[in-house]
Protein chains: 2
Amino acid sequence: METTQQTGEPGAAERRRRELLEAADRVVLRDGPKASMNAIAAEAGITKPILYRHFGDKAGLYQALAVRHTDALLDSLRAALDAPAERRRRVESTLDTYLAAIEARPQVYRFLMHPAEDSHTAERGFDVGLHSAPLLRRLGEELAQVISERVDLGPGGERLARVWGHGIVGMMHAAGDWWLGERPCERADLVAALTDLLWGRLATAGNREDGPGF
Amino acid sequence: METTQQTGEPGAAERRRRELLEAADRVVLRDGPKASMNAIAAEAGITKPILYRHFGDKAGLYQALAVRHTDALLDSLRAALDAPAERRRRVESTLDTYLAAIEARPQVYRFLMHPAEDSHTAERGFDVGLHSAPLLRRLGEELAQVISERVDLGPGGERLARVWGHGIVGMMHAAGDWWLGERPCERADLVAALTDLLWGRLATAGNREDGPGF
DNA sequence: CTCCGGAAGTTACCAGCGGTAACCCACCTG
DNA sequence: CAGGTGGGTTACCGCTGGTAACTTCCGGAG
């Protein structure tokens, strides 16, 4: 235990917080989405209540963790998006960056994608949204912004960009999730297939001669 | 209670099962993804253990419910996919069918998409997959099959079709989820935007003159 | 009619979860 | 020395998914 107590420095709380987050990271990396507050506290060498003092509730800790990883991932993705190359190369590079990330730390990203709900929070009148994965939403919004400010989509382009942002992120996520589970091909193949899809190959491909047509 | 017991008919168990599923449907429709076994049992007018006798565990009941809804939805989607029209119209119609479904019963589809994990099941060695939403997987595989048997994709088309199936379904799901939460536009607008995306408009659109280019 | 097997259903419980109240103790300050 | 304040703990609450053990009712066999 070392009795490192009452340091007095104002920055101590933030450092402690980072320590706790790193401990949480470790246990999430080990246990996946079913990481419990007890386990995280134990890994950090302390007990639950101080975790709750720092993060409020599980959603708070989840959010802090998510912000961390999302920031890191977003930096990588922005770098890929900004590389000096033609548009298709950039899209490929971005997809590959995302897939490499979830391949390297599947447990973490599963935790981020499936938060398991807060349980007794909701009931805000009509209530529809913001239930699931904030990471995906953030990625979607971010991509939407990039598209919106760089691609000329004419009138209504704003809306189009947002739809595309969330749609592309969803495509990436679902395909990546499925690929992680079945590993049916190399990462590069997956990237190529998805890029082909975004490049409209579904529209231009011909019907099979022996099929009912499409 | 009516004392309807020991009927002797062999089909009685199946009818009971359907009754229970309908009760589960009702409470899921009311409580969303946080529907508990207790609540479902209460709604069905019985207690937990018999629920467990019928479905094994929560995952079993979840699966039974999912199969039901997925079957129904798949029928609608197949109908849309098979309508006599050009390819683009079919894709639009399919997207619209899906979105209309989740718009009509958001609670149900949220429950299906976010099962909240079983907790103490896993640990199969390396363990990666099949953690989350079987509905999405089924939709993805189904769409993959349709694409694969109708569209001529040349060599490697099988793999391409599977990637596209899961990718398109993911796009549909994420965009739909986001749209349900924010309602930024009419359903028809969303359908058009997604179809444009699949038709490669991202590839053909020009760069903004005032932006950094993409 | 009696007795038995078995299915339906119940009560009562278990372990574990997220979350919290109340207490403890060491330190720094006056 | 008094005392307040921050980091920490124990012990608990209500709830969840899941189960063991008991009761009740039925149809059929002797």
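Atom set for the values below is all heavy atoms of this structure, side chains included, hydrogens, waters and symmetry mates excluded. A note on names: the letters A, B, ... follow the listed sequences, proteins ahead of strands, and every chain is numbered from 1.
- For the pair Asp31(B) CG and dC15(D) C1', the interatomic distance rounds to 14 Å; values are reported in whole Å.
- Rounded to an integer number of Å, the gap from Ile40(A) CD1 to dC17(C) P is 11 Å.
- The CG atom of Leu51(B) sits 14 Å away from the P atom of dA8(C) (whole-angstrom rounding).
- Following rounding to the nearest Å, Tyr52(A) (OH) and dC17(C) (P) show an atom-to-atom distance of 11 Å.
- Atom pair Tyr62(B):OH and dT16(D):P shows a separation of 20 Å (rounding to whole Å applied).
- One interatomic measurement links the two molecules: CZ of Arg17(A) to C1' of dG7(D), which rounds to 17 Å at whole-angstrom precision.
- In this structure, of dT10(C), dG18(D), dG19(C), it is dG18(D) that holds the atom nearest to the side chain of Lys48(B).
- If you check every strand for non-hydrogen atoms under 4.0 Å, Arg16(A) touches sugar and phosphate atoms only.
- By the side-chain contact (heavy atoms from CB on, under 4.5 Å) test, Ser36(A) pairs with Asn38(A), Ala39(A), sequence neighbours left out.
- Here the side chain of Trp179(A) pairs a donor or acceptor atom with the backbone of Cys185(A) at under 3.5 angstrom.
- Each of Met37(A) and His54(B) has a nearest nucleotide on DNA chain C; the 5'-most of these lies closest to His54(B).
- The base of dG8(D) is paired with the side chain of Arg53(A) by a donor and an acceptor separated by under 3.5 Å.
- In this structure, the ring-ring contact (aromatic ring centres under 6.0 Å, His included) partners of Trp178(B), at least two apart in sequence or on a different chain, are His166(A).
- Comparing atom distances between the Asn38(B) side chain and each of dT16(D), dG9(C), dG19(C) picks out dT16(D) as nearest.
- Note: NZ (Lys34(B)) to P (dG14(D)) measures 18 Å, nearest angstrom.
- Between the side chain of Asp31(B) and the main chain of Lys34(B), no donor-acceptor pair closer than 3.5 Å is present.
- In this structure, the side-chain contact (heavy atoms from CB on, under 4.5 Å) partners of Val169(B), at least two apart in sequence or on a different chain, are Leu136(B), Leu139(B), Leu143(B).
- Listed by first and then second residue, the ring-ring contact (aromatic ring centres under 6.0 Å, His included) pairs that reach into residues 11-59 of chain A come to none, sequence neighbours excluded.
- With dG17(D), dA20(D), dT20(C) as the candidates, the nucleotide lying closest to the side chain of Pro49(B) is dA20(D).
- Taking Arg17(B) as the reference, nothing meets the salt bridge (Lys or Arg N to Asp or Glu O under 4.0 Å) condition, with sequence neighbours excluded.
- In this structure, the CZ atom of Arg15(A) is 12 Å from the P atom of dG7(D), given to the nearest Å.
- In terms of phosphate contacts, Thr47(A) brings a side-chain nitrogen or oxygen within less than 4.0 Å of OP1 or OP2 of dT9(D).
- Fit an axis to the five pairs at each end of the helix from dC1(C)-dG30(D) to dG30(C)-dC1(D) and the two axes sit 30° apart, to the nearest 10 degrees.
- Backbone-only contact: Ser36(A) has heavy atoms under 4.0 Å from sugar-phosphate atoms and none from a base.
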